[in-house]
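Taking it in order: structure first as structure tokens, then the write-up.
For ligands, and for the atoms within them, numbers begin at 1 and follow the listed sequence. These figures come from a predicted structure and were not determined experimentally.
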Amino acid sequence: MNSPMVDKSTFLEVDQQEEILFIKLNRPEKRNAINDALILALEAVFSTIPAGVKCAILHGEGPHFSAGLDLSELRERSVVEGLHHSRMWHRALDRIQFGTVPVVAVLQGACVGGGLEIAAACHIRVAEQTTFYALPEGQRGIFVGGGASVRLPKLIGMARMADMMFTGRVIQAEEGVPMGFSQYLVEEGAGLAKGIELAKRIAQNAEMTNYALMHVLPRIADLGQSEGLLLESMMAAIAQSSPEAKQRLSDFLEGRAKKVGE
Ligand code: 1HE
């Protein structure tokens, strides 16, 4: 186990424990608000996942996952500066979604604005009971800029996202599960343990399977039916031809592998 690396200038803590990389937003006194340095640090970390890591867990210190964009950095920006700022978020969150390892987000308290955009870029979300979701951009007179208009409708539907921004509606953790915000709901304080349990399972998958789920499945979902089906067939053929897949199939047929649900 390596000792945690804390970058005081960016409030990001990175800690590798065997196959799992823990990435912690560590700015609790400002509710893990994301300033430019922090979003750039996230981009850097997810661009350089160390060899041997098979899954990452993104979580936040303190009672809130993240209060979103650091509003104290919002200043008079030109249109072009605003574009660059939003594109910087897009770059960083693309590194999370389309990086080298699956990412489990562990959420508690506020998961709002840019914090929700970051959570939506992760592959699995575990919410503690205290979690709440909101898009205060609507009330602050701005628009989402970290990819929410692309990623959130895929999770929760466009009408729900529009409602959150029109009305300032806050969604609580429990109602958020059937809506698609999180796939798991756990008691307060139990999020990290659940995240670790899931990360360990994900780390056991064939690397090609995790790659296909991260990089191919979302592209297929964006395609028309005939292109999507063709890409699926190509991915299936590549995956089944790998030595690891052949080994796993014979393990099952010869009674050495777990059954479904075990
Ligand atoms: C902040 C921020 C922030 C807290 N930027 N400093 N996001 C928002 O509009 C959410 C704004 N925040 C809140 O509504 C509340 O802080 C919370 C519901 C998240 C938490 O409430 P609470 O009572 O626990 O904390 P607090 O007393 O409001 O905040 C503690 C400190 O954190 C305080 O600073 P202090 O120096 O007075 O102690 C707050 O000012 C500071 N703080 N949130 C800066 N967001 C890619 S575009 C994305 C666009 C967006 O994300 S817009 C949504 C922004």
Side-chain angles (χ1 to χ4, degrees), residues 8-12 24-46 58-98 103 105-122 125 127-156 160-173 175-176 181-182 188-189 191:
K8 296 263 186 248
S9 64
T10 60
F11 311 104
L12 199 62
K24 181 160 76 174
L25 306 173
N26 194 1
R27 197 191 184 194
E29 66 287 353
K30 295 289 184 189
R31 310 307 185 250
N32 294 326
I34 313 286
N35 59 18
D36 287 358
L38 186 41
I39 200 74
L40 288 170
L42 279 170
E43 181 186 6
V45 166
F46 282 100
L58 181 61
H59 60 129
E61 178 66 30
H64 299 283
F65 174 70
S66 174
L69 182 71
D70 184 337
L71 294 172
S72 72
E73 279 194 353
L74 257 192
R75 58 189 166 81
E76 203 58 33
R77 285 197 186 106
S78 70
V79 172
V80 169
E81 285 170 334
L83 272 166
H84 285 309
H85 183 263
S86 169
R87 299 300 284 166
M88 174 174 76
W89 272 69
H90 288 172
R91 248 184 12 244
L93 272 52
D94 264 6
R95 295 313 299 160
I96 297 176
Q97 184 180 2
F98 298 118
V103 185
V106 174
L107 311 175
Q108 76 280 8
C111 179
V112 306
L116 179 52
E117 294 186 300
I118 291 171
C122 298
R125 281 155 296 279
E128 294 191 0
Q129 285 280 0
T130 58
T131 308
F132 57 93
Y133 311 96
L135 291 170
E137 287 90 336
Q139 278 57 53
R140 309 262 180 254
I142 54 178
F143 191 64
V144 292
S149 46
V150 171
R151 293 192 181 94
L152 261 191
K154 290 177 182 165
L155 296 180
I156 62 168
R160 203 166 265 137
M161 174 176 169
D163 177 25
M164 290 170 78
M165 291 192 72
F166 275 133
T167 66
R169 182 173 177 178
V170 176
I171 312 279
Q172 302 297 329
E175 51 176 345
F181 284 92
S182 85
E188 183 174 359

For the 3.5 Å polar cut-off, considering only N or O atoms, please tell me whether [X] and ligand 1 meet it.
X    : answer
R31  : yes
H64  : yes
V144 : no

Quick check on [atom] - does any protein heavy atom sit closer than 4.0 Å to it?
atom                    : value
atom 9 (O) of ligand 1  : yes
atom 13 (C) of ligand 1 : no
atom 3 (C) of ligand 1  : yes
atom 23 (O) of ligand 1 : no
atom 33 (C) of ligand 1 : no
atom 40 (O) of ligand 1 : no
atom 19 (C) of ligand 1 : yes

Interfacing atoms of ligand 1 (cut-off 4.0 Å, heavy-atom, [X]):
X    : result
G113 : 51 (O)
P136 : 8 (C), 9 (O), 53 (C)
A110 : 19 (C)
R140 : 8 (C), 9 (O), 10 (C), 11 (C)
G68  : 51 (O)
G114 : 48 (C), 50 (C), 51 (O)
E117 : 46 (C), 47 (S), 48 (C)
G146 : 46 (C)

message: Within a 6.0 Å radius of atom CD on Q172, are there more than 12 heavy atoms belonging to other residues, nucleotides or ligands?
response: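 Yes - once you tally the heavy atoms of other residues, nucleotides and ligands closer than 6.0 Å, there are more than 12.
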
message: Taking CZ in R77 as the centre, count heavy atoms belonging to other residues, nucleotides or ligands within less than 6.0 Å. Is the count above 12?
response: yes

Student check: side-chain heavy atoms of [X] and [Y] closer than 4.5 Å:
X    : Y    : result
L12  : R27  : no
L107 : T131 : yes
L40  : R91  : yes
L25  : F65  : yes

Specify the protein heavy atom at minimum distance from [atom]: its residue, its atom name, and the distance to 0.1 Å.
atom                    : value
atom 1 (C) of ligand 1  : K30 O, 4.1 Å
atom 44 (C) of ligand 1 : D70 OD1, 3.3 Å
atom 45 (N) of ligand 1 : L69 O, 2.9 Å
atom 49 (C) of ligand 1 : E137 OE2, 3.3 Å

query: How are the rings of H64 and F132 set to each other: parallel, tilted or perpendicular (split at 30° and 60°)?
result: perpendicular

field: Region of A67 that comes within reach of ligand 1 [heavy atoms, distance under 4.0 Å]
entry: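 Both backbone and side chain.
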
field: Side chain, backbone, both or neither: the part of E29 lying under 4.0 Å from ligand 1 by heavy atom
entry: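 The answer is the backbone.
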
Ignoring hydrogens and geometry, is there a side-chain-to-backbone donor-acceptor pair from [X] to [Y] under 3.5 Å?
X    : Y    : answer
R151 : A148 : no
N35  : E73  : no
R125 : F181 : yes

message: Please tell me whether R87 and H84 have a donor and an acceptor in their side chains that are separated by less than 3.5 angstrom.
response: no

- prompt: Nearest non-hydrogen atom to atom 5 (N) of ligand 1 belongs to which of L93, L71, V170?
  reply: L71

message: Suppose the criterion is salt bridge (Lys or Arg N to Asp or Glu O under 4.0 Å): which pairs have a residue in residues 127-142, not counting sequence neighbours?
response: none

message: Taking ring-ring contact (aromatic ring centres under 6.0 Å, His included) as the definition, give me every residue that meets it alongside F98, ordered by chain and number, with sequence neighbours left out.
response: H215

field: Sidechain N-carboxylate O distance under 4.0 Å for R95, E43
entry: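 Looking at E43 together with R95, the answer is no, because their closest N to O distance does not fall below 4.0 Å.
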
message: How long is the straight-line distance from CG of D163 back to CZ of R169, given to the nearest 0.5 Å?
response: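 With rounding to 0.5 Å, CZ (R169) is 5.0 Å from CG (D163).
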
